[in-house]
Amino acid sequence: MQTKQEQFWSGEFGKDYTDRNSRNPEEWDKFYLENWGITKIDLNEKFYTDLDKDAKILEVGCNTGMQLVGFQRSGFKNIYGIELQHYAAQKAKEFTENINIIQGSGFDIPFKDNYFDLVCTNGVLIHISPDNLPKIMDEMVRCSKRYISCWEYYAPETTSINYRGNTDYLWKADYAQLFLDRFSNLRLVKKEIYPYVNQAESGNADCMCLLEKIAP
């Protein structure tokens with residue numbers, strides 16, 4: 001049975017979001033520069049320098065595949081995406097080449113344990129209810145043999161945000177710390193906070209982190 005949030009994002013609101021946020025690589029670079037002062041390609045270089053270009057990468061909640069194409073532009077070759085929304089998954093298949101796109105839920109990732117070298121999210125955990133967050137985190141950690149990474153809306157404490165007139169569909173939090181609190185076999189490799197360029201006075205920011213599995 002789908003969660004309230006899964007139902008919401010699988011419907012018309014999710015489709016509208018996809019249409020509103022689909023960008024070609026040049027527009028995507030410009031979007032990051034205007035909002036955070038750095039491109040995601042540059043962030044990939046900062047955070048994934050130790051990751052082999054043949055490493056298997058999974059993005060959970062890939063939408064139309066912009067982040068996946070970003071990985072490809074950064075030189076990575078074995079790239080996978082899983083996307084809940086059927087419409088977005090189809091768009092991703094049209095938008096990408098030589099990338100494995102699967103329509104499915106991050107609560108039930110259809111890969112064996114330790115299959116990927118890196119499992120990541122980009123603006124996805126923020127849309128998971130705090131009650132359901134442990135389940136998707138468990139799945140991400142289960143199918144990664146080394147790295148977990150996320151780029152998410154940041155706050156020191158979990159905070160609910162009204163999202164286009166809707167409640168219970170957006171939260172900001174310290175997601176790196178939530179992973180560390182839940183999993184004793186993870187260590188923090190890198191974590192950086194990026195304030196919004198045009199909203200500096202508001203205090204709004206995103207955070208990117210990289211965590212690594214360690215021996216028990």
Side-chain angles (χ1 to χ4, degrees), residues 1-15 17-18 21-22 40 44 47-48 51-72 74 76-152 169 171 175-176 178-179 182-183 185-186 209-214 216:
M1 184 176 178
Q2 286 189 326
T3 66
K4 175 182 176 180
Q5 288 75 31
E6 285 180 302
Q7 293 173 350
F8 183 74
W9 288 104
S10 296
E12 284 300 310
F13 190 93
K15 181 178 180 294
Y17 172 91
T18 295
N21 289 283
S22 294
K40 196 65 182 336
N44 287 347
F47 278 79
Y48 307 132
L51 196 61
D52 190 271
K53 298 302 183 184
D54 289 322
K56 287 191 180 74
I57 297 173
L58 172 68
E59 183 188 7
V60 178
C62 67
N63 203 256
T64 58
M66 291 178 291
Q67 304 284 351
L68 301 177
V69 171
F71 276 119
Q72 209 168 42
S74 295
F76 295 101
K77 302 170 185 176
N78 296 315
I79 308 167
Y80 296 71
I82 185 168
E83 170 55 42
L84 173 70
Q85 185 196 132
H86 183 268
Y87 176 76
Q90 290 302 118
K91 288 287 185 182
K93 291 176 182 179
E94 296 168 8
F95 180 65
T96 64
E97 292 183 7
N98 302 315
I99 294 176
N100 304 282
I101 306 294
I102 298 159
Q103 196 268 316
S105 172
F107 292 127
D108 186 19
I109 298 174
F111 291 95
K112 64 184 181 181
D113 295 359
N114 304 313
Y115 187 77
F116 296 98
D117 298 286
L118 168 68
V119 178
C120 67
T121 61
N122 294 278
V124 168
L125 299 181
I126 59 174
H127 297 301
I128 307 295
S129 165
D131 292 338
N132 298 318
L133 193 60
K135 186 175 180 181
I136 196 168
M137 293 166 66
D138 288 352
E139 278 292 271
M140 291 174 66
V141 172
R142 177 190 65 78
C143 64
S144 173
K145 67 181 177 183
R146 187 173 183 188
Y147 288 121
I148 302 293
S149 182
C150 57
W151 164 268
E152 303 288 347
Y169 298 108
W171 293 264
Y175 290 95
L178 292 177
F179 271 106
R182 184 166 180 80
F183 302 98
N185 65 330
L186 291 182
C209 70
L210 181 66
L211 304 118
E212 183 178 24
K213 279 188 172 180
I214 55 178

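All heavy atoms count here, side chains included; hydrogens, waters and symmetry mates do not. Everything quoted here is computed from the prediction, not taken from an experiment.
Taken from CD in Gln85 to CD in Gln90, the straight-line distance is 11.0 Å, to the nearest 0.5 Å. Between atom CG of residue Leu133 and atom CG of residue Leu125 there is a gap of 6.0 Å, rounded to the nearest 0.5 Å. Rounding to the nearest 0.5 angstrom, the gap separating the CZ atom in Phe111 from the CZ atom in Phe116 is 4.0 Å. Atom CG of residue Leu211 and atom OG of residue Ser149 lie 7.5 Å apart, to the nearest 0.5 angstrom. Note that NE2 of His127 is 11.5 Å distant from CD1 of Ile136, once rounded to the nearest 0.5 Å. The line from CD1 of Ile57 to CG of Leu51 is 5.0 Å long, rounded to the nearest 0.5 Å.
For Asn132 (side chain) and Ile128 (main-chain N/O), no donor-acceptor pair under 3.5 Å exists by modelled atom type. With hydrogens and angles ignored, the 3.5 Å screen pairs no side-chain donor or acceptor of Glu83 with any backbone N or O of Ala88. At least one donor-acceptor pair closer than 3.5 Å links the side chain of Lys213 to the backbone N or O of Ser144. No side-chain donor-acceptor contact under 3.5 Å links Arg146 to the backbone of Asn114. Put simply, the side chain of Lys145 never gets that close to the backbone of Leu118: no donor and acceptor are under 3.5 Å apart.
Arg182 has a carboxylate O that lies under 4.0 Å from a charged side-chain N of Asp138, or vice versa, which qualifies the two as a salt bridge. Under 4.0 Å is where a charged nitrogen must lie from a carboxylate oxygen, and between Lys56 and Asp117 no such pair does.
Contact between Gln72 and Ile99 at its shortest, heavy atoms only, is NE2-CG1, 3.6 Å. Considering all non-hydrogen atoms of both residues, Ser74 and Lys53 come closest at O-NZ, 2.7 Å. Nearest heavy atom pair, residue Gln2 against residue Ser10, reads NE2-OG, 3.5 Å. Taking each heavy atom of Pro130 and Trp171 in turn, the nearest pair found is CD-CE2, 3.3 Å. Of all the heavy atoms in Glu152 and Gly123, the pair that sits closest is OE1-CA, 3.2 Å.
Contact annotation: the side chain of Tyr87 never approaches that of Tyr17 to less than 4.5 Å [non-hydrogen atoms, C-beta and beyond]. Counting heavy atoms from C-beta outward, Val119 and Arg142 have side chains that stay 4.5 Å or more apart. Residues Glu6 and Ser105 have side chains in contact (heavy-atom distance under 4.5 Å, counting atoms from C-beta outward). For the pair Leu178 and Met137, the minimum side-chain heavy-atom distance is below 4.5 Å. Within the 4.5 Å cutoff, side-chain heavy atoms of Gln5 are placed close to those of Tyr169.
In summary, the side chains of Thr121 and Tyr175 do not present any donor paired with an acceptor at a separation below 3.5 Å, with no hydrogens or angles considered.
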Less than 3.5 Å apart, which donor and acceptor atoms pair up between the side chains of residues 58-71 and the rest of the protein, not counting sequence neighbours?
from, atom 1, to, atom 2, distance (Å)
Glu59, OE2, Asn122, ND2, 3.1
Asn63, ND2, Thr18, OG1, 3.1
Gln67, OE1, Lys40, NZ, 3.0
Gln67, NE2, Tyr32, OH, 2.7

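Sorted by first then second residue, the side-chain hydrogen bond (donor to acceptor under 3.5 Å, both in side chains) pairs that include residues 92-104, not counting sequence neighbours, number zero.
Taking the six-membered ring where the residue is Trp, the centroids of Tyr147 and Tyr48 are separated by 6.0 Å or more.
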Under the side-chain contact (heavy atoms from CB on, under 4.5 Å) rule, what do Trp151 and Phe47 come out as? Steps first, then yes or no, please.
CA-CA 11 Å; Trp151 164 268; Phe47 278 79; over 6 Å; no
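Among residues two or more places apart in sequence or in another chain, the side-chain contact (heavy atoms from CB on, under 4.5 Å) test is passed with Asp52 by Asp54.
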